[in-house]
Amino acid sequence: MRTLIKHALASTEPKDAVSVSAWVRSRRDAKGFSFLELNDGSCLTNLQAVVDSNVPGYEQIALLTTGASVIVEGRLVASPAAGQKWEIHATSLKMVGLADASYPLQKKGHSLEFLRTIAHLRPRSNLFGAVFRTRSRLAYAIHRFFQERDFVYVHTPIITASDCEGAGEMFRVTTFKEGSAPAPAVDFFGKPTFLTVSGQLEAETFASALSNVYTFGPTFRAENSNTSRHAAEFWMIEPEMAFCDLAGDMDLSEEFIKATARHALEDCAEDLGLFQKFVDKTLHERLAFVLERPFQRVAYTDALEILAKSGRTFEHPVQYGLNFQSEHERFLTEEHFRCPVTVFNYPREIKPFYMRLNDDGKTVAAMDVLVPGIGEVIGGSQREERLEVLEENMRLQKLQPEAYWWYLDLRRYGTVPHAGFGLGFERLLMFLTGVSNIRDVIPFARTPGNVEF
RNA sequence: UCCAAAGUAGCUCAAUGGUAGAGCACGCGGCUGUUAACCGUGUGGUUGUAGGUUCGAGUCCUACCUUUGGAGCCA
């Protein structure tokens with residue numbers, strides 16, 4: 001039976017018979033025997049196999065170059081040399097698949113740019129193995145976070161007919177053949193359809209029945225964004241809570257960030273060690289800081305004042321009614337507060353129609369969580385639960401209420417104050433791993449002009 | 001999309017306008033409980049693409065392509 005390397009390495013005693021199936025990371029030949037560094041992706045650390053020349057299969061040793069796949073059976077014993085606690089002394093060696101000289105991954109380091117061009121092979125590298133193990137563990141942690149708090153997981157649709165969700169350019173979905181342009185009325189769905197840019201509106205319907213819900217799924221934006229923080233396809237997490245106001249929303253967002261940071265530190269310690277060493281020397285310090293301190297909460301107008309009084313000259317104006325620019329967010333999180341910052345109560349004009357109008361009549365109950373290094377990682381709000389106010393908002397933003405009849409129904413039948421937020425999973429991963437390009441935390445990145453693999 | 005920078009061997013990088021090189025990878029030989037093994041040796045190039053300037057272009061100019069960084073949009 002196959003033993004995963006992570007379990008072999010975690011062994012507390014020698015074992016007479018283990019079988020390891022893995023890929024060769026490197027081979028070192030000695031007189032009469034060879035060392036094989038084996039990795040099966042179950043953990044960062046390799047298992048060293050010692051293969052004596054009289055072991056069945058040794059005649060193929062010269063073929064076992066970096067990248068080849070093998071099955072090694074043998075005894076797990078304490079290693080006499082420094083560098084590893086356990087090693088396997090082979091009793092049989094079986095070559096499964098060769099990797100010829102064109103195998104592009106070397107034992108030495110590669111640039112992230114090069115590895116992106118071989119996205120099908122990069123999970124075999126130390127860094128990307130660590131990134132994608134961490135991604136998996138965090139996805140699990142996120143489900144656990146919500147499930148433990150009695151949130152219901154809702155699968156909101158990928159295909160939508162709402163063409164004005166207000167969250168960015170959308171991809172068209174059609175069954176029309178290339179080059180043809182018939183009317184949407186005779187297309188598959190009988191109207192224009194798109195890939196979702198957010199599951200929020202649908203999530204609100206379920207929150208209005210099941211109280212606390214969340215979505216966690218793929219999301220699409222057709223923006224021509226060429227940055228290290230944007231992808232055309234990404235995964236978004238959107239909790240939505242009934243009978244909840246903005247303060248409760250901010251509480252949950254802070255709790256969420258802290259829980260995922262704690263989980264990463266505890267559950268992905270080995271992989272985080274790699275990130276700390278090779279990607280971001282301040283990673284542990286930053287995560288510990290996030291865990292220890294409450295996030296700073298500052299109203300939009302107060303944040304404006306901090307920026308205005310900073311003595312800094314910013315490239316973009318600091319003025320009521322304008323969104324914060326990257327330089328402003330960076331100043332707040334990286335220089336002024338030096339920790340995650342939650343900015344709330346934004347001017348009504350710069351936020352979407354569904355955000356709840358505050359009593360001042362000028363601001364809405366919106367909040368953005370800004371983190372050092374990444375910028376905005378969470379955007380959320382208390383939703384407008386009053387039918388008349390919501391309809392007025394829609395008219396102000398030139399939206400047609402009829403198109404949102406089902407969304408408005410929530411306000412007609414047993415409306416409740418409710419709130420939620422959206423969070424980009426990849427941006428969270430960037431924050432928790434220190435990896436600075438979104439293309440390196442998603443298995444196969446889709447960006448303008450790039451859909452290979 | 002805008003601004004800036006960069007594209008040279010499979011990878012990482014050198015090369016005053018004057019004969020394209022090194023390390024690693026890979027091949028061969030040697031040595032060794034090795035561990036990014038080591039020593040010797042060999043293979044490896046339409047210098048991103050297309051034009052232009054020049055006696056001569058990897059090097060200078062123009063356009064395009066790609067990548068990176070920053071900006072906008074946002075998650």
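These numbers come from a predicted model, not from an experiment. Chain letters run A, B, ... following the sequence lines, proteins first and then strands; every chain starts at 1.
Residues A:Ser381 and A:Val364 are not in side-chain contact: their nearest non-hydrogen atoms beyond the backbone lie 4.5 Å or more apart. Counting heavy atoms from C-beta on, the side chains of A:Thr447 and A:Asn226 never come closer than 4.5 Å.
Within the 4.0 Å cut-off from OP1 or OP2 of B:G70, not a single side-chain nitrogen or oxygen of A:Thr227 is found.
Defined by atom type and a distance below 3.5 Å, a donor-acceptor pair is present between the side-chain atoms of A:Tyr346 and A:Asp368. Judged purely by distance below 3.5 Å, without hydrogens or angles, the side chains of A:Tyr58 and A:Ser34 pair a donor atom with an acceptor atom. For the residue pair A:Tyr214 and A:Gln147, a side-chain donor N or O sits within less than 3.5 Å of a side-chain acceptor on the partner.
What separates CD1 of A:Ile350 from P of B:G72 is a distance of 14 Å, to the nearest Å. Atom P of nucleotide B:A75 and atom OH of A:Tyr214 are separated by 21 Å, given to the nearest angstrom. Across the protein-nucleic acid pair, A:Asn224 atom CG and B:C3 atom P stand 14 Å apart, rounded to whole Å. We find that CZ of A:Phe421 is positioned 13 Å from P of B:A75, with the value rounded to whole Å. When the C1' atom of B:G70 is taken as reference, atom CD of A:Glu327 falls 12 Å away, rounded to whole Å. Rounded to an integer number of Å, the gap from A:Asp440 CG to B:U67 P is 13 Å. Between the C1' atom of B:G70 and the NE2 atom of A:His328 lies a distance of 15 Å, rounded to the nearest Å. Atom CG of A:Leu112 and atom C1' of B:A6 are 16 Å apart (whole Å).
Among the heavy atoms of the strands lying under 4.0 Å from A:Ser228 are primed sugar atoms or P, OP1, OP2 only; no base atom is included. Contacts of A:Ser326 with the nucleic acid, taken as non-hydrogen atoms under 4.0 Å apart, involve only primed sugar atoms and P, OP1 or OP2. A:Ile438 comes within 4.0 angstrom of a base, heavy atoms only.
Rounded to whole Å, the separation between the P atoms of B:A20 and B:U59 comes to 13 Å. With C1' as the reference atom, B:G42 and B:A57 are 31 Å apart, rounded to whole Å. On the C1' atoms, B:U66 is 16 Å away from B:U47, given to the nearest whole Å. Across the P atoms, B:G45 and B:G21 are found 12 Å apart, a figure rounded to whole Å. Rounded to the nearest Å, the gap between the P atom of B:G58 and that of B:G48 is 10 Å. Taking the P atom of each, B:U46 and B:A50 are spaced 12 Å apart, rounded to whole Å. When the P atom is compared between B:A9 and B:C64, the two are found 24 Å apart, to the nearest whole Å. Remark: the separation of the P atoms in B:U12 and B:U34 is 32 Å, to the nearest Å.
The base of B:C73 sits within donor-acceptor range of the side chain of A:Ser225, with an N or O pair under 3.5 Å. A:Asn437 contributes no side-chain N or O that forms a donor-acceptor pair with the base of B:U68 under 3.5 Å.
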Tell me, for nucleotides 38-48 of chain B in 5' to 3' order, what letter each nucleotide earns: B for a base near a protein heavy atom under 4.0 Å, S for only sugar-phosphate near one, - for neither? -----------
Classify every nucleotide of nucleotides 28-34 of chain B by which part a protein heavy atom approaches to under 4.0 Å, writing B for the base, S for the sugar-phosphate alone and - for neither, in 5'-to-3' order. ----BBB
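Tested against A:Phe256, the residues A:Phe216, A:Phe146, A:Phe151 include a single ring-ring contact (aromatic ring centres under 6.0 Å, His included) partner, A:Phe146.
The cationic atom of A:Arg293 (NZ for Lys, CZ for Arg) does not lie both less than 6.0 Å from the six-membered ring centre of A:Phe337 and within 45° of the ring axis. The cationic atom of A:Arg124 (NZ for Lys, CZ for Arg) does not lie both less than 6.0 Å from the six-membered ring centre of A:Phe128 and within 45° of the ring axis. Cation-pi check for A:Arg27 over A:Phe35 is not met; the charged atom does not lie both under 6.0 angstrom from the ring centroid and within 45 degrees of its normal.
For RNA chain B, the neighbouring residues in residues 229-236 of chain A, judged by any heavy atom under 4.0 Å, are A:Arg229, A:His230, A:Ala231, A:Phe234, A:Met236.
With hydrogens and angles disregarded, a donor-acceptor distance shorter than 3.5 Å links the side chain of A:Thr227 to the backbone of A:Arg229. Checking side-chain atoms of A:Ser53 against main-chain N and O of A:Gly32 turns up a donor-acceptor pair under 3.5 Å. A distance-only check finds a donor-acceptor pair linking the side chain of A:His328 to the backbone of A:Gln325 [under 3.5 Å].
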For A:Glu384 and A:Leu357: C-alpha separation, side-chain torsions, deciding distance, then whether side-chain contact (heavy atoms from CB on, under 4.5 Å) applies. CA-CA 7 Å; A:Glu384 183 55 74; A:Leu357 186 64; 3.7 Å; yes
Could you walk me through whether A:Leu76 and A:Thr3 pass side-chain contact (heavy atoms from CB on, under 4.5 Å), step by step? CA-CA 11 Å; A:Leu76 187 74; A:Thr3 299; over 6 Å; no
Given A:Phe295 and A:Val290, is the side-chain contact (heavy atoms from CB on, under 4.5 Å) satisfied, shown in steps? CA-CA 8 Å; A:Phe295 291 13; A:Val290 165; 4.0 Å; yes
Please set out all donor-acceptor pairs under 3.5 angstrom arising from side-chain atoms of residues 310-318 of chain A, sequence neighbours excluded.
unit_1: A:Ser310; atom_1: OG; unit_2: A:Leu307; atom_2: O; d: 2.7
unit_1: A:Ser310; atom_1: OG; unit_2: A:Arg312; atom_2: N; d: 3.1
unit_1: A:Arg312; atom_1: NH2; unit_2: A:Glu335; atom_2: OE1; d: 2.5
unit_1: A:Arg312; atom_1: NH2; unit_2: A:Glu335; atom_2: OE2; d: 2.9

Taking Watson-Crick (N1-N3 plus N6-O4 or O6-N4) and G-U wobble (N1-O2, O6-N3), each under 3.5 Å, can you produce the dot-bracket string of RNA chain B? Use [ ] for crossing pairs and | for inter-strand ones. (((((((..((((....[..)))).(((((.......))))).....(((((..]....))))))))))))....
Could you write out each protein N or O paired with an N or O of nucleotides 7-10 of chain B at a distance under 3.5 Å?
unit_1: B:G10; atom_1: N2; unit_2: A:Gln106; atom_2: OE1; d: 3.3
unit_1: B:G10; atom_1: N2; unit_2: A:Gln106; atom_2: NE2; d: 2.2
unit_1: B:G10; atom_1: N3; unit_2: A:Gln106; atom_2: NE2; d: 3.3

